[in-house]
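Here is the structure we will look at, set down as structure tokens.
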Amino acid sequence: WSSFAASGKPTDHLPEINREMAGIISAALKFGDSSILSKDMEWIQDLMTSYRLPEEEVQDYIDAYHQAASVHLGDSAAMILNWLEDLAGS
């Protein structure tokens with residue numbers, strides 16, 4: 001996250017966006033249903049758009065989230081990491 005913040009991109013809304021992402025990921029893990037991830041990601045993207053974040057910054061956020069999750073979660077969260085990898089690649 002420090003590299004995201006150091007880039008000069010706005011971080012005011014990151015706590016709320018991070019809470020939403022964590023809730024989506026928790027629900028997917030709780031129910032063992034990765035389809036929750038894709039459906040609710042639309043909500044996150046809409047939330048970020050409502051903050052008037054450019055598409056590029058939305059993608060940068062997803063990339064940073066993927067990098068942080070890879071470092072901190074490792075292989076134990078393959079479903080989440082695969083989903084984030086797909087999002088980061090899109």
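Bear in mind that the values here come from a model prediction, so they are computed numbers and not experimental data.
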Problem set entry | Distance-only donor-acceptor check, side chains Asp63 and Gln59, under 3.5 Å | yes
Problem set entry | Residues that Glu16 engages under side-chain contact (heavy atoms from CB on, under 4.5 Å), provided they are two or more places apart | Arg19, Leu47, Tyr51
Problem set entry | Cluster link Met79 to Trp83, ILVMFWY, side chain under 4.5 Å | yes
Exercise. Stepwise, does the side chain to side chain contact (heavy atoms under 4.5 Å, CB included) test hold for Tyr65 with Ile25?
Worked result: CA-CA 12 Å; Tyr65 204 100; Ile25 290 169; 3.7 Å; yes
Problem set entry | Tyr61 side chain reached by Asn18 side chain, heavy atoms, under 4.5 Å | yes
Exercise. Is it the case that one hydrophobic cluster holds both Leu29 and Leu84, taking links as side-chain heavy atoms less than 4.5 Å apart, direct or via other members?
Worked result: yes
Problem set entry | Distance (rounded to the nearest 0.5 Å) between Asp86 CG and Ile62 CD1 | 11.5 Å
Seminar exercise, completed: Rounded to the nearest 0.5 angstrom, the CD-CD distance for Gln67 and Glu85 is 12.0 Å
Exercise. Could you state the interatomic distance from CD1 (Ile24) to CD1 (Ile80), rounded to the nearest 0.5 Å?
Worked result: 10.0 Å
